[in-house]
**Q** 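Structure below; questions to follow.
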Protein chains: 2
Amino acid sequence: MTDKQEDHDHSGVEFRGHPGRRVRADAQRNIDTLLQTAMAVFATSGVDAPVREIAEKAGVGVGTIYRHFPQRSDLIAAVFRREIDACADAAPVLAAQHEPGEALVRWVQRYVDFIAAKRGLAKALHSGDPAFDTLPAYFKKRLEPALKALLMSAASAGEVRPDVSAEELLGAVASLCMHAFTQGPEQARRMASLLVDGLRYGANSPPKYKKAARRKA
Amino acid sequence: MTDKQEDHDHSGVEFRGHPGRRVRADAQRNIDTLLQTAMAVFATSGVDAPVREIAEKAGVGVGTIYRHFPQRSDLIAAVFRREIDACADAAPVLAAQHEPGEALVRWVQRYVDFIAAKRGLAKALHSGDPAFDTLPAYFKKRLEPALKALLMSAASAGEVRPDVSAEELLGAVASLCMHAFTQGPEQARRMASLLVDGLRYGANSPPKYKKAARRKA
DNA sequence: ACCTGAACACCGTTCAAGT
DNA sequence: ACCTGAACACCGTTCAAGT
């Protein structure tokens, strides 16, 4: 781990069997369009949406999809990775824009919205499809450091208790979201914010003479 | 609720559009065979197994399946209801065969095995398919009283703390099982038994001078 | 290199013909 | 009443033909 700047392949996509090979510009454009279109279609119609529909809306032939994503599940996995990246990347932005406690709260809400919207996630992870094999590791690799940073500065600022790890918080919230599928995303948000309130309750220093009436949502 | 003996339709199947109509003997035999075959196939190949495979193994035409179960999901739901029934019916049997604490432990294991084996359950419940709409209610209606009886007599015997409801225990264990899908059913069993040990720990009267070395599993 | 889309295999569901 | 299975619609995936 001596890399000073780890590449999380946000935009570029590295393909099986073509390691290090540069993709042609038009192909890369197709890939981007495909991922964006697929994300939109999955969001509205679910991950079971027909491949043909995505190809049509993206303006390409079905063959193009299969050239870049050999299996239908590879496309789904790629979209998930994109959304994980977006969620992780939101952390430093929020940290720069808000004070530590508020940044943490907002990020957790963002995380909840991400998970709660993906009713296909649990299905995918337990399908046994090898395309999803690396997804849990990627999920953890990207999201845990993101939350850890927020958690640590909030703890340093005394706004939050310091004895809860990013890993268990990530897992607990995900668990709540999965369980709240039956109830809808409102329930998930409420339970998650209850959890964060719990974090605040056990902080070293209570709100004190801080502007404590800053909650609206 | 003045019925002295509620009918939980264990064996008979009541059909939409034919309320009260008796089914012919050969049809009933087909239904039973179908449910048994489907249960076996789902267990080995998962709930995505082709309808044709089930029809073939049951020795009937596909049309026969669709006559009794208009949608594929109706067959899945029927199999689930059967297994829920079997699990609920195991409670009084265990209660008659073992002392209260042991009966409770054994039933929870049975329940875990039921849930942990059904990786299709979460998928089904969140699919939005109307065939599964009544399943959660049926689940609760049958399983909650079954567990409640075990829990109450174990609590009366002082083997278990009395302040945990059947509903929350049922939910907690199911939650553990769902979450343990990634790890396999072993993890689920361990966490569930930990939970029951927790119930025991807070009992009114500790093991005392009871034959406490009765655990083997 | 990359793209296209007809073609193939497979699966859920229907329904005319049988008993 | 009930059963059968060919037929239909639809979807994932492939690959020969194009650029």
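In what follows, every chain begins at residue 1, and chains take the letters A, B, ... in the order their sequences are listed. Hydrogens, waters and symmetry mates are skipped; everything else that's a heavy atom, side chains included, is used.
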**Q** Taking only the side-chain nitrogens and oxygens of A:Asn30, find out if one of them lies under 4.0 Å from OP1 or OP2 of C:dC2.
**A**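 It does not, given that no N or O in the side chain of A:Asn30 lies less than 4.0 Å from OP1 or OP2 of C:dC2.
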**Q** For B:Met39, does the CE atom have more than 12 heavy-atom neighbours from other residues, nucleotides or ligands under 6.0 Å away?
**A**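 Yes, CE of B:Met39 has more than 12 neighbouring heavy atoms, counting only those of other groups under 6.0 Å.
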**Q** Side chain of A:Val23 only, heavy atoms from C-beta on: which candidate in D:dG12, C:dC2, D:dC2 is closest?
**A**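 So the side chain of A:Val23 is nearest to C:dC2.
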**Q** Does OP1 or OP2 of C:dT13 have a side-chain N or O of B:Tyr66 closer than 4.0 Å?
**A**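 Result: yes.
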**Q** Measuring from atom CZ of B:Phe42 to atom CD1 of B:Ile54, what distance do you get when rounded to the nearest 0.5 angstrom?
**A**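 Answer for the CZ-CD1 pair, B:Phe42 versus B:Ile54, is 4.0 Å.
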**Q** CZ/A:Arg24 to CZ/A:Arg29 distance, rounded to the nearest 0.5 angstrom?
**A**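 Rounded to the nearest 0.5 Å, the CZ-CZ separation comes to 10.0 Å.
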**Q** Examine distances only and state if a side-chain atom of A:Asp74 and a backbone atom of A:Gln71 form a donor-acceptor pair shorter than 3.5 Å.
**A**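 Side chain of A:Asp74 to backbone of A:Gln71, a donor-acceptor pair under 3.5 Å: yes, one is there.
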**Q** Expressed as a whole number of angstroms, how long is the span from A:Asp26:CG to D:dT19:P?
**A**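 Distance, rounded to whole Å: 16 Å.
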**Q** Is the shortest distance from a Lys or Arg side-chain nitrogen in A:Glu167 or A:Lys140 to a carboxylate oxygen in the other one below 4.0 Å?
**A** yes
**Q** Please determine if a side-chain N or O atom of B:His68 lies less than 4.0 Å away from the OP1 or OP2 oxygen of D:dC3.
**A**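 Result: yes.
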**Q** Round to the nearest Å and state the distance from A:Ile65 atom CD1 to D:dC15 atom C1'.
**A**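 So the CD1-C1' distance, A:Ile65 to D:dC15, works out to 17 Å.
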**Q** Anything under 30° is parallel, anything over 60° is perpendicular, the rest tilted; go ahead and classify A:Tyr111 against A:Trp107.
**A**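 A:Tyr111 vs A:Trp107 ring planes: parallel.
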**Q** Can you tell me if the side-chain N/O atoms of A:Gln71 get under 4.0 Å from OP1 or OP2 in D:dG12?
**A**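 No, no such contact exists.
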**Q** Once you round it to whole Å, what is the distance between P of D:dG12 and CG of A:Asp129?
**A** 13 Å
**Q** Here's a test of your reading of the structure: between B:Arg24 and B:Ala49, which maps to the more 5' nucleotide of DNA chain C?
**A**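 It is B:Ala49, whose closest nucleotide lies nearer the 5' terminus.
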**Q** When the distance from CG of A:Asp48 to P of D:dG12 is rounded to whole Å, what number comes out?
**A**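 After rounding, the reported distance stands at 9 Å.
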**Q** Expressed in angstrom and rounded to an integer, what is the separation of B:Glu53 atom CD from C:dC10 atom P?
**A**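 Checked: the CD to P distance equals 14 Å.
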**Q** Restricting to nitrogen or oxygen on both sides, can you table the protein-nucleotides 5-8 of chain C pairs closer than 3.5 Å?
**A**
{"from": "C:dG5", "atom 1": "O6", "to": "A:Gly63", "atom 2": "N", "distance (Å)": "3.3"}
{"from": "C:dA7", "atom 1": "N6", "to": "A:Arg52", "atom 2": "NH2", "distance (Å)": "3.1"}

**Q** Looking at B:Thr44 and B:Val41, would you say the former's side chain and the latter's main chain have a donor-acceptor pair under 3.5 Å?
**A**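 A pair under 3.5 Å: yes.
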**Q** Could you tell me whether B:Arg72 contacts a base, only the sugar-phosphate backbone, or nothing, with contacts defined as non-hydrogen atoms closer than 4.0 Å?
**A**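 Sugar-phosphate, no base atom in range.
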**Q** In this structure, how many angstroms lie between the P atom of C:dC11 and the CD atom of B:Glu56, rounded?
**A** 12 Å
**Q** Can you tell me how far apart CG (A:Asn30) and NE2 (A:His68) are? Round to the nearest 0.5 Å.
**A** 5.5 Å
**Q** When you measure from the side chain of A:Asp113 to the backbone of A:Arg110, do you find a donor-acceptor pair of N or O atoms at a distance under 3.5 Å?
**A** no
**Q** Taking CD1 from B:Ile76 and C1' from C:dG12, how many angstroms apart are they, rounded to a whole number?
**A** 12 Å
**Q** Taking both distances under 3.5 Å as the test for a Watson-Crick or G-U pair, what stems of at least three pairs does DNA chain D have?
**A**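 Looking at DNA chain D, the stems formed by three or more consecutive pairs are C:4-8 with D:12-16, C:12-16 with D:4-8.
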**Q** One pair to check against side-chain hydrogen bond (donor to acceptor under 3.5 Å, both in side chains): A:Tyr138 and A:Asp85. What are the steps and the verdict?
**A** CA-CA 9 Å; A:Tyr138 192 71; A:Asp85 284 333; 2.5 Å; yes
**Q** To the nearest Å, how far apart are B:Leu75 CG and C:dG12 C1'?
**A** 13 Å
